[in-house]
Amino acid sequence: TMRESYSSENDSGFKCLNPQLRPIVIVGGYGQLGQLFQRMFELSGYQVRILGRDDWHRADEILHDAGMVVVSVPIHMTEAIIAKLANLPTDCILTDLTSIKSGPLQAMLEIHQGPVVGLHPMFGPDIPSLAKQVVVYCDGRQPESYQWLLEQIQIWGASLNRISAIEHDQGMTLIQALRHFTSFVYGVHLAEEDPKIEQLMSLSSPIYRLELAMVGRLFAQDAQLYADIIMSAPQNLAMIKRFHQRFGDAIEMLERQDKAAFKQAFDQVEHWFGDYAQYFLVESQGLLRQANDSTRH
Ligand code: NAD
């Protein structure tokens with residue numbers, strides 16, 4: 001399968017599209033995502049250096065001949081750390097992996113005169129390979145200088161999506177902030193209700209197990225990362241408040257036992273999904289079949 005061929009390529013290495021590139025420096029490269037990108041760059045024949053939290057006293061030495069600098073530090077520190085990168089070689093590519101894009105991209109364009117591009121890998125560090133994963137990118141400056149990087153990421157198996165930083169951050173309000181927040185609240189609710197997980201599992205259909213997995217996996221990850229993502233923009237809180245309002249409205253409907261209103265709202269949403277409702281039904285059947293297969297083995 002495609003997945004297997006990519007993961008075996010992971011072991012043997014990838015084609016190097018820019019063998020002339022001077023060293024790549026990953027700022028925060030001892031972290032989770034930084035390690036993944038270090039591995040991918042090294043498997044592709046690039047020389048990688050790490051600039052970690054305790055390395056700033058020798059930052060000039062690490063950065064003076066960098067061909068590319070990749071910033072991968074906790075979100076709340078990103079802009080302050082980018083501001084320290086004032087003396088990069090002019091032809092050096094400056095990029096970041098931050099889950100939000102407007103602020104970091106702006107900070108990179110302000111501090112560096114050379115090529116700039118923002119990246120957002122839409123995956124965490126726990127993936128076996130980049131096959132079928134998505135990397136979103138935001139053009140900053142001199143795109144011709146970093147086309148090789150975009151192609152390199154595609155050689156790793158990922159597909160690329162170009163978007164403006166502002167549109168990205170608006171999209172992430174729903175895709176990340178609201179979704180992570182509702183998982184967080186559902187987790188809090190479960191912990192307070194304190195059912196026996198084993199019993200939930202034994203009573204549940206595959207779709208509920210999948211939902212439990214989607215929520216549970218959040219709590220196997222870094223609280224700081226999710227706090228940063230959810231609280232990264234005022235528009236996130238505004239979106240979450242609108243959701244809360246709709247939740248309240250729907251509860252009033254339940255209190256009124258208003259099945260007619262329920263059906264009316266249901267029809268409205270069905271209409272909004274349009275052909276996608278049917279498409280998602282079929283897609284979820286495929287996912288559930290896979291989930292079922294993998295939990296039985
Ligand atoms: P992480 O906490 O594992 O790694 C961050 C690293 O930065 C750590 O090694 C930390 O020691 C280091 N660091 C802290 N202060 C520093 C400083 N002053 N100078 C240099 N290094 C410093 O976090 P992560 O999950 O790898 O996230 C890094 C970036 O990747 C974030 O911007 C995040 O938004 C983005 N990202 C993460 C994920 C994910 O699922 N983990 C997914 C997509 C994007």
Side-chain angles (χ1 to χ4, degrees), residues 23-41 48-63 66 68-88 94-108 111 116-130 132-138 140 149 153 156 158-161 163 165 168-169 171-173 175-177 179-181 183-184 213-233 236:
I24 298 173
V25 176
I26 306 182
V27 182
Y30 296 116
Q32 299 195 69
L33 208 62
Q35 290 283 289
L36 174 67
F37 276 78
Q38 174 181 25
R39 194 168 74 242
M40 298 310 291
F41 283 123
V48 179
R49 293 181 192 151
I50 305 294
L51 201 166
R53 196 171 27 199
D54 305 323
D55 297 328
W56 285 96
H57 63 282
R58 46 188 202 93
D60 287 344
E61 178 197 328
I62 298 173
L63 292 168
M68 179 163 77
V69 171
V70 183
V71 179
S72 182
V73 297
I75 297 178
H76 67 282
M77 310 176 74
T78 300
E79 287 175 46
I81 288 175
I82 289 171
K84 295 202 221 182
L85 301 172
N87 295 316
L88 304 178
L94 179 56
T95 186
D96 76 307
L97 307 177
T98 319
S99 307
I100 55 171
K101 296 271 51 90
S102 298
L105 188 65
Q106 201 54 45
M108 291 193 295
I111 204 67
V116 168
V117 57
L119 300 174
H120 181 192
M122 299 302 300
F123 46 83
D126 58 337
I127 50 154
S129 92
L130 266 64
K132 295 190 180 168
Q133 300 292 341
V134 172
V135 176
V136 172
Y137 73 98
C138 303
L149 172 63
I153 292 169
W156 296 339
S159 57
L160 285 169
N161 272 318
I163 192 168
H168 168 277
D169 290 357
M172 291 305 140
T173 290
I175 296 169
Q176 295 193 132
R179 184 173 58 88
H180 295 323
F181 184 72
S183 293
F184 166 78
M214 290 304 153
V215 172
R217 79 188 300 280
L218 187 80
F219 298 91
Q221 298 174 73
D222 185 23
Q224 179 73 53
L225 175 68
Y226 289 104
D228 283 354
I229 289 176
I230 294 166
M231 298 180 204
S232 64
N236 294 348

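Counting convention: from 1, in listed order, for ligands and their atoms alike.
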ask   = atom 40 (O) of ligand 1: which protein heavy atom is closest, and how many Å away?
value = Gly124 CA, 3.2 Å
task = For atom 10 (C) of ligand 1, state whether the nearest protein heavy atom is under 4.0 Å away.
result = no
key: 4.0 Å protein heavy-atom contact status of atom 19 (N) of ligand 1, strictly under   = yes
ask   = Looking at Met172 and Ser99, what are the two nearest heavy atoms and their distance?
value = CG-O, 4.2 Å
query = N/O to N/O below 3.5 Å, does that happen between Ser99 and ligand 1?
reply = yes
key: Distance-only N or O hit between ligand 1 and Trp56, under 3.5 Å   = yes
task = May I ask you to decide if Gly29's main-chain N or O and Gln35's side chain share a donor-acceptor pair within less than 3.5 Å?
result = yes
remark   = Smallest heavy-atom separation, Val136 atom then His168 atom, equals CG1-CD2, 3.9 Å
query = Closest non-hydrogen protein atom to atom 26 (O) of ligand 1, residue and atom name please, with distance?
reply = Leu33 N, 2.8 Å
remark   = Note: ligand 1 atoms sitting under 4.0 Å from heavy atoms of Pro121 are 43 (C)
remark   = Here the atoms of ligand 1 under 4.0 Å from any heavy atom belonging to Leu97 are 30 (O), 35 (C), 36 (N), 44 (C)
query = Can you tell which of Val73, Ile50, Val71, Ile127 gets a heavy atom nearest to atom 31 (C) of ligand 1?
reply = Val73
message = Counting only nitrogen or oxygen atoms and a 3.5 angstrom limit, does Gly31 reach ligand 1?
response = yes
inquiry  = Closer than 4.0 Å to some heavy atom of Ile75 - which atoms of ligand 1 meet that?
reply    = 32 (O), 34 (O)
Nearest protein heavy atom with distance in Å, relative to atom 42 (C) of ligand 1 = Phe123 O, 3.1 Å
inquiry  = Within ligand 1, which atoms have a heavy atom of Pro125 less than 4.0 Å away?
reply    = 39 (C), 40 (O), 41 (N)
ask   = Relative to the ring of Phe37, is the ring of Phe123 parallel (under 30°), tilted (30 to 60°) or perpendicular (over 60°)?
value = parallel
request  = Answer yes or no: is there a donor N or O on one side and an acceptor on the other, between the side chain of Asp96 and the main chain of Val71, under 3.5 Å?
outcome  = no
request  = Give the numbers and elements of all ligand 1 atoms closer than 4.0 Å to a heavy atom of Ile81.
outcome  = 16 (C), 17 (C), 18 (N), 19 (N)
task = With sequence neighbours left out, write down each residue that passes salt bridge (Lys or Arg N to Asp or Glu O under 4.0 Å) with Asp126, or none if nothing qualifies.
result = Arg217
key: CD1 on Ile229 to OG1 on Thr98, rounded to 0.5 Å   = 10.0 Å
request  = Please examine the side chains of His76 and Met231, heavy atoms only from C-beta on, and report whether any two atoms are closer than 4.5 Å.
outcome  = no
key: side chain to side chain contact (heavy atoms under 4.5 Å, CB included) partner of Tyr137, chosen from Leu119, Ile153, Leu149, Asn161   = Leu119
note = Within 4.0 Å of some non-hydrogen atom of Leu225, the atoms of ligand 1 are 33 (C), 34 (O), 39 (C), 40 (O), 41 (N)
ask   = Backbone or side chain, does any N or O of Gln32 fall under 3.5 Å from an N or O of ligand 1?
value = yes
